[in-house]
Amino acid sequence: NKGGLLIWKTEFEQDKGKANCCLKCLCLCGMFCEKNTFNPSVDYDSITMTRQYLVKDICQVMYDTSRQSGFCVPKCLQMCCCTERYDGRLRVYFGHFDFSIPDNFMGIWAVSTKWYESYIKTTFMESFAESFIASAFALFDSDMDFVEIVSMKEDESLLDLEHQKSDEVYAGLAAVHNELSNIISDYRKPIWNMPPKEEAAGLVQPEEKPQMDWGDMHAITETSMSLPTNYCPKADNEDLIGCLPNMYIMTCMDYIKSFLTVGLYYCFVVHKKQQYRSGFMLTTNRLVEITVASSADCIKETFSCFFPIKKNMKVVSYYPNQVTSGTIARRGFTLEVKLSTDCGALAFNIEKVPKADIDILMGASESRLAAALTFCKALMYSTSRPEGLINVENKYRGELSNIERNLLPLYPTERVAARYFGRVYDPYSCWSAKCVNMYHGIFDCLNCGIKPTFNDGMILLTDSSMFTIHQHTNKPWDLLCCFQGMYKIHDFDVFWTSVDKFQGAEVKTTLKGHETPYSRMFYKTWLGDNCCPQFYSQACLTCMVKGDGETVIGTKVNVTSFTDCVRDTDQVKAFRSDVASVRVGKMLSEAPTQAAPFATVVSVGAPKAPPPPPAPVYVQPSVQQQPVYADVEIADGMC
């Protein structure tokens, strides 16, 4: 009742020796003794372990059960019957998640924080050689600190004597798992906030079924998910946010192959993929993965008496104390999600999402892509990213694009204080990036918008968050109804974190000039800007974020120009000024007591002429008295 967790574990092994003739004689003599001194020799080993933990140290609870059905061959074949086999275990991890290599990557797996930070540098800073390769061996770590309860049955001679039936094992472990969930929710603070009403309306809600059969494959379908409350109930002090089913969905090629092979391709390929189903459920206290799997196929289901069928049901609950940052990446038909926590990083993929960006731009709420993005955005509403963390002015909330509005989890009253947008075209064929960025309109017309592809980068700083968006896309012309669906490319990477992790911004510009008499003559004219530019300017804007420990990770956005020096553009100047306002607001929110006596910021973001400062008042210091200074108002832009 005080949040403690006591564990007792004992192992005992005994071997009885054989009695020889001499011992038998001595045993006869020892029959008249009070003690059986001359009994046969016995060897035994005993190990007893006790541990003490706190409930707040629990980071992962895994309920894993499996069963292989018994089968009976007809008596005419004169073969015996085989009874069922089962295996059940309840495992509790402390300190950090299970970093072992998963059997299947359709669910959630844990990676080290070092690998996660290297992934951020690789994706958003393009430093593959120096960061990602160096931490390749840190992806999975075999070091684990866990305890578990195991119950199994291999055959009639090796089984759990207290639970000789599989139903008893599943119900007993489920009761312990449910009690652990209630205890953890009583002694842990919520990790996720409830999303706004508009976001919550697009989330898939699970259907609670109190008496669902163990391993029922109908618990997870393509569009819905059921919550077996007898195996994984909602805890008393937690609220259910939403869920997302994740199973293999047939594509057009699957339907064609199944039709051409008269159903054989479906029986041996598609049906096997659909027999492994996973679903994700998010509450205010934990992230839950529910997995049901079966080895049954068309032949085994028809001739079940000859072929045993193995089923598996697993429920894994992740209990981080803090979610600091995360990413959402889209690669073709797959969404890749990663979360950074104090217990390690979590990663999972969402398969078979639509490839085109029509659903994102139109904000459709019924598509699979919209449901997946809504669930990913719900993961970003963590308690480490509260609303209104610092006091800044709302400058750019009305200027956000459709991509930003549909990808970023903004609170209804969240204020966007700084925003930057940059675009760089990719090299095309034998043409360099400089040539393509200069004449991208010509290449776009020659290829109907399919080529060249370009990279858009956006940085947003709000009163509670910092976001970075990288998207690799193109704009194919809408010539036919299926033209965009065939040639549209829309891959993106989104990084988010709390604004209190923001460390600062860096603006790095390069200027390469090649002046000729013609470039000087036609400078700042249409002919000079499009035929003989005087210079080539490029800027790289980097935002530094505090990582794990003393490490600092960054995200960057590039932009090019042939007409002006990028550093002198109004957008870069405004971004630098807005970042300074965010830093001031962050300083005041972190140390208001220390900052208030020295400066009072008035109308942040709106420059105002400072009034003449009053004459400072000095008091003669003494041993018991400290010097006192008058307050001075500092306007925006002044240090």
His96-Phe99 aromatic ring centre distance below 6.0 Å: yes

Atom CZ of Arg583 with >12 non-hydrogen neighbours under 6.0 angstrom: no

Arg567 versus Thr509, side-chain donor and acceptor atoms under 3.5 Å: yes

Side-chain heavy atoms of Met466 within contact of Phe495, under 4.5 Å: yes

Side-chain touch Val424/Phe454, heavy atoms, less than 4.5 angstrom: no

Between NZ on residue Lys189 and CG on residue Asn285, distance to nearest 0.5 Å: 12.5 Å

Non-hydrogen side-chain atoms of Trp109 and Asn349 separated by less than 4.5 Å: yes

Salt-bridge present (Asp493, Arg331; N to O < 4.0 Å): yes

Side-chain heavy atoms of Ile469 within contact of Asp456, under 4.5 Å: no

Gap between atom CD1 of Ile58 and atom SG of Cys343 - 0.5 Å precision: 11.0 Å

Pairwise side-chain contact, Asn474 with Ile450, heavy-atom cut-off 4.5 Å (strictly under): yes

Note: Arg415-Asp463 ion pair, threshold 4.0 Å (strictly below): yes

Phe97 ring center within less than 6.0 Å of Tyr318 ring center: yes

Lys586 with Asp500: basic N within carboxylate O range, under 4.0 Å: no

Interatomic spacing from CZ in Arg330 to CD1 in Ile489 - rounded to 0.5 Å: 11.5 Å

NZ or CZ of Arg423 within 45° of Phe421 ring axis and under 6.0 Å: no

From CZ (Arg286) to CD1 (Ile184), nearest 0.5 Å: 8.0 Å

Phe124-His470 aromatic ring centre distance below 6.0 Å: yes

Straight-line distance of Lys395 NZ to Ser581 OG, nearest 0.5 Å: 5.5 Å

Side-chain H-bond candidate by donor/acceptor type, Asn237 with Arg188, under 3.5 Å: no

Donor on one side chain, acceptor on other, Ser185 and Glu238, under 3.5 Å: no

Ser464 and Glu414: side chain donor to acceptor below 3.5 Å: yes

Side-chain ion pair, Arg419 and Glu404, N-O less than 4.0 Å: yes

Heavy-atom side-chain proximity of Ile120 to Glu117 below 4.5 angstrom: no

Pair Asp426-His472, side-chain donor/acceptor within less than 3.5 Å: yes

Residue pair Thr327 / Thr123, side-chain heavy-atom distance below 4.5 Å: no

Cation-pi geometry met for Lys546 and Phe502 (6.0 Å, 45°): no

Single hit among Val572, Val579, Leu461 for side-chain contact (heavy atoms from CB on, under 4.5 Å) with Tyr420: Val572

